[in-house]
Amino acid sequence: MEFIQVKTYDELSTRAAAIIAAQVVLKADSVLGLATGSSPVGTYRKLAEKYEAGEVDFSRVRSVNLDEYVGLDGENDQSYRYFMNTNLFDHINIDKANTRVPNGLATDLAAECAAHDAHIEALGGIDLQLLGIGPNGHIAFNEPDSVFTAPTHVVELEESTIEANSRFFASRDEVPTRALTMGIGAIMKARRVLLVANGPKKKDTVQRAFFGPITPEVPASILQLHPNVTVIYSEE
Ligand code: GLP
């Protein structure tokens with residue numbers, strides 16, 4: 001594992017964007033695993049700047065997203081599809097037909113989970129998976145549990161996650177209680193993993209995830225077993 005500690009969020013975003021841009025420059029049709037949450041927002045802004053500057057071309061990139069709330073459609077400004085469009089896809093030359101976010105409105109959620117995994121397989125797996133980390137150590141929406149769950153699945157969100165994510169919603173009652181999430185399997189099979197975490201609130205989480213025991217109680221701790229992980233942590 002490569003652990004990079006930087007001072008500012010801007011530095012974190014610059015470093016993360018440089019790694020993702022290098023991936024795309026080296027392999028134009030890369031499969032990027034993408035994440036939501038506040039942590040990658042700066043990284044996406046820097047990637048858009050690199051695109052504007054002509055440094056990177058996303059026209060052949062394919063992407064898959066980690067998760068989506070059950071019950072929100074892509075037009076809802078709290079959905080992760082909307083987040084991806086507005087924070088990244090609308091600002092670069094990726095073909096949206098080549099982007100996949102799990103469908104939170106699917107009538108058959110089990111089939112949608114299976115379709116997400118089948119799609120990742122059909123793309124040949126993920127070249128670079130970007131991750132944030134939840135305060136309780138979750139990655140994507142893999143919540144603390146007694147086991148690691150490999151396939152994409154439906155999760156009941158923990159109270160603490162609903163609480164943490166309620167800052168984006170008008171009220172806590174509007175936060176969906178369930179989500180579709182890529183499992184630990186596709187994340188661990190990604191050829192490279194890049195996790196970004198920032199701020200003093202995440203310090204203890206990062207400590208437990210990367211310097212503590214490997215346990216499904218801290219889902220991100222499984223990444224200690226991944227052969228190619230970069231963690232960028234900024235104090236700010
Ligand atoms: C959500 C997402 C996670 C993300 C987490 C942390 O729960 N499902 O993928 O890592 O939020 O968000 P933030 O970066 O805003 O702390």
Side-chain angles (χ1 to χ4, degrees), residues 6 8-10 12-13 15-17 20 32-46 63-72 76-84 86-88 100-104 113 116 126 128-145 149 152-169 172 174-184 186-188 190 193-210 218-223 229-236:
V6 295
T8 66
Y9 179 64
D10 191 63
L12 172 150
S13 304
R15 297 285 287 258
I20 297 168
L32 299 181
L34 298 175
T36 55
S38 55
S39 310
V41 169
T43 304
Y44 292 151
R45 199 177 314 123
K46 301 272 180 194
S63 76
V64 283
N65 258 79
L66 288 170
D67 44 14
E68 180 60 282
Y69 289 112
V70 170
L72 298 193
N76 184 307
D77 63 4
Q78 291 308 326
S79 73
Y80 285 167
R81 161 53 75 182
Y82 185 92
F83 174 101
M84 288 312 301
T86 52
N87 282 286
L88 184 65
R100 190 178 207 283
V101 180
N103 176 9
C113 291
H116 201 59
I126 296 165
L128 172 63
Q129 177 66 58
L130 177 64
L131 293 174
I133 186 168
N136 61 5
H138 73 224
I139 43 176
F141 268 134
N142 290 277
E143 296 281 40
D145 201 350
T149 304
T152 296
H153 57 286
V154 180
V155 279
E156 297 287 336
L157 300 178
E158 276 208 345
E159 277 304 313
S160 67
T161 298
I162 293 172
E163 190 63 45
N165 289 358
S166 65
R167 70 200 137 122
F168 301 114
F169 290 80
R172 194 181 180 287
E174 286 178 28
V175 188
T177 56
R178 290 193 302 161
L180 298 167
T181 184
M182 202 188 279
I184 295 298
I187 295 171
M188 287 300 282
V193 172
L194 172 61
L195 185 142
V196 290
N198 63 292
K201 277 195 191 153
K202 294 283 171 75
K203 194 172 184 174
D204 179 56
T205 312
V206 165
Q207 186 73 31
R208 289 197 298 138
F210 299 105
V218 185
S221 65
I222 190 86
L223 296 171
V229 180
T230 303
V231 177
I232 311 181
Y233 172 70
S234 79
E235 292 160 16
E236 190 182 65

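We're numbering straight along the sequence, starting at 1. Hydrogens, waters and symmetry mates play no part in the numbers below; they use all other heavy atoms, side chains included. When a ligand or atom number is given, it counts from 1 through the structure's own listing order.
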Seminar exercise, completed: Note: Tyr69, heavy atoms under 4.0 Å from ligand 1, region reported as neither
Exercise. Does Tyr9 use its side chain to pair, donor to acceptor, with the backbone of Asn198 at less than 3.5 Å?
Worked result: no
Considering all heavy atoms, the nearest [X]-[Y] contact:
| X | Y | result |
| --- | --- | --- |
| Ile139 | Ala220 | CG2-CB, 3.8 Å |
| Leu12 | Val6 | N-CG2, 3.7 Å |
| Asp67 | Val101 | O-CG1, 3.9 Å |

Exercise. Between Arg100 and Glu68, is there a side-chain N and carboxylate O pair less than 4.0 Å apart?
Worked result: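 Salt bridge flag = no for Glu68 with Arg100.
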Exercise. If you measure from each heavy atom of Arg167 to ligand 1, is any distance below 4.0 Å?
Worked result: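 Arg167 counts as a contact of ligand 1 under the 4.0 Å cut-off.
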Among all the protein's non-hydrogen atoms, which is closest to [atom], and how far away is it?
| atom | result |
| --- | --- |
| atom 2 (C) of ligand 1 | Tyr80 OH, 3.6 Å |
| atom 4 (C) of ligand 1 | Thr36 O, 3.9 Å |
| atom 8 (N) of ligand 1 | Asp67 OD2, 2.8 Å |
| atom 6 (C) of ligand 1 | Ile133 O, 3.6 Å |
| atom 7 (O) of ligand 1 | His138 NE2, 2.9 Å |
| atom 14 (O) of ligand 1 | Ser39 OG, 2.4 Å |

Exercise. Do ligand 1 and Lys202 have nitrogen or oxygen atoms that lie under 3.5 Å from each other?
Worked result: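 There is such a contact, yes.
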Exercise. Purely on distance, is any nitrogen or oxygen of Gly37 under 3.5 Å from one on ligand 1?
Worked result: no
Exercise. Stepwise, does the side-chain hydrogen bond (donor to acceptor under 3.5 Å, both in side chains) test hold for Glu236 with Ser234?
Worked result: CA-CA 6 Å; Glu236 190 182 65; Ser234 79; 5.7 Å; no
Exercise. Is it true that atom CZ of Arg178 has more than 12 heavy atoms of other residues, nucleotides or ligands lying nearer than 6.0 Å?
Worked result: no
Problem set entry | Best match, Gly132, Ala35, Ala164, Ala140: closest heavy atom to atom 9 (O) of ligand 1 | Ala140
Exercise. Are Asn76 and Tyr69 linked by a side-chain donor-acceptor pair shorter than 3.5 Å?
Worked result: no
